[in-house]
Amino acid sequence: MSQQTAGVAWPVTDGTRVPYEIYTSQTVFDREQERIFRGPLWNYVALEAEIPEPGDYKTSFVGDTPVVVSRAQEGSLHVFVNRCAHRGATVRREASGNAKEHRCVYHQWCYDGRGDLTSVPYRRATTGFGGYSPDFDMTAHGLRKLKVASRNGMIFATFGGNVPSLEEYLEAPLLAAIDRLMARPVKILGHMRQRIKGNWKLYVENTRDPYHAALLHGFHATFGTYRSNQPGFRGQDKARAHSAGGKYGDDFAKPATAEGIGQDNFIASYSLSDTSLMEGRPDFDDNINLAITSIFPSVVVQQIMNTLATRHIRPKAPDDFELYWTYFGYQDDDEATTAARLKQANLIGPAGLISMEDGEAVELIQRAIVRDGDDCAFLEFGPVDPDPEQDRKGEDAVRAFWRYYQGIMA
Ligand code: FES
Ligand SMILES: [Fe+2]
C-alpha cells in the first residue's frame, strides 16, 4: 500500500526505504511542527537540576518554538511559549537565570514564573496617554502555556490536548533507562551547543543505529568503548517510538588489538597521550558501559563510560538543527569522579573524540541528497525480520522509527 507524507510518497511503508525528500522538504518540516512537536506527545525541554531554585528559568525549544522552562516561586514547574502576548517579541533573551518576573523589553509587559501577565504599562491611561479599555482582562493575556511532566528530574512538555501520561507515552523499558541514569540527585556540569547543517531526523536515525558505531567511530573500535562483538541490549515501547540500547563490558580498560576485537577499523597507529582519559569508575552495578536512550521525537539520554548527558535536538529548518548537550554528574560525586567526568566530556560534544563524526555524517548526507528527492535510503541491514516488531539489533530500530513517524504524520 502506498502512503504519502506531506506530498512525499513512500515506495514501501516498512521502513526499509526512505525517500530523500523527507529530509529536504519545507512542507514536510512544517507538517512535523504541527503533527509531532505540537502533537499529542511529550517533548524533552530541560533537566530539573538546571532550574533547582524558585525563580530559576531556562530557555529551550519545542520543535522550532522557543519556550521558557520555569520554576515558580512556590516550586512548581512551568513551560510557556517565549513570545510576548502583546506583539510577539521574545520575552526571555538570556539562556538561563533567576528572576521574580519576566519583562518584555519592547513595551514592558510583565509576566510571573507561571507565565501569567502581572502588569502592563499605562494600562489605565492615568497620564492621559494610551491605555486599555476598563474591561481589559489580565488573565486573558498571559503567555501560552504547555502541559508539563517530569520523570525523575527530566522535564517534558506538550502542546497537545489529549495526551497520554508521560509514563504511558514512554512505557516501562524507557522509564527504566531514565530512572537508571537519574537514580541519584543530579549535578549539572555544563553545556555545549553545535549547529548541524542537516535534517534533524538524520540525527535521530544515527542514535538508533548500532551498525555505524564501531565503523564510523575509529575511537570506539580502537579504544574499546564500543565494539560490534560486545554483548548488547535493547529496550523499546510497544509502538516502537523510542529506543533504549547499549553495551555491556568494561574492557575499555584493557589494551586492544585488531585481532582481539575483530574490527576492521582498529587503528593501530592511534594511542592516547593521556591514558587517564579511559580510567573509568563504575557508576552502576550492572556492567553497562554504554547506554543510548533515544526518546521520540528529539532527545537522547546517554552514558558513555562516565560521560552522562542529554542531547536535545532542536530543529531550525529542513537542513538545519541545533544539538544542545547538557552534561551532568551526581551531587554526591567526589572530586576525582567529577574530574574524570569532565575529562571524558572530551569523548562527546561538537568536537568529541567519538561524536564529532556523527554531525559530519549527517552533513555528508544532507549535502548529497539535493535534487533526487524520490531516490531512497536503503535500510535492510539486520536482517529485515518478517515480524517487524521483532528487534534484530541491526537497522531495525531505524526502520521502527520510520514506521512510527509515518503513522503520526499521516
Ligand atoms: S511586544 Fe512585548 S510588550 Fe510589546
Ligand atoms: Fe555515532
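Because the structure is a prediction, the values reported are computed rather than measured. Both counts, for ligands and for their atoms, begin at 1 and track the order of listing.
Salt bridge Glu279/Arg281: absent, no basic N to carboxylate O contact under 4.0 Å. Salt-bridge check for Arg399 with Glu380: failed, with every basic side-chain N at 4.0 Å or more from each acidic carboxylate O. The pair Glu205-Lys201 does not meet the salt-bridge criterion, since no charged nitrogen lies less than 4.0 angstrom from a carboxylate oxygen. Checked for salt-bridge contact, Asp64 and Arg314 miss the test: no charged N lies under 4.0 Å from a carboxylate O. For Lys238 and Glu171, the salt-bridge test passes: some basic side-chain N is under 4.0 Å from an acidic carboxylate O.
With hydrogens and angles left out, the side-chain atoms of Gln194 and Tyr324 include no donor and acceptor closer than 3.5 Å.
Atoms of ligand 1 lying under 4.0 Å from at least one heavy atom of Trp109, given by number and element, are 3 (S). Close approach of ligand 1 to Tyr106 is summarised as follows: ligand atoms under 4.0 Å from at least one heavy atom of the residue are 1 (S), 4 (Fe). Heavy-atom contacts of Gln108 reach the following atoms of ligand 1: 3 (S) (cutoff under 4.0 Å). When each atom of ligand 1 is checked for a heavy atom of Cys104 under 4.0 Å away, the hits are 1 (S), 2 (Fe), 3 (S).
Among the atoms of His107, an N, O or S atom falls under 2.8 Å from atom 4 (Fe) of ligand 1. Put simply, His86 gets within reach of atom 4 (Fe) of ligand 1, with an N, O or S atom under 2.8 Å from it.
The atom name of the N/O/S atom in Asp358 closest to the Fe ion (ligand 2) is OD1.
Considering only non-hydrogen protein atoms, atom 1 (S) of ligand 1 sits nearest to Arg87 N, 3.4 Å.
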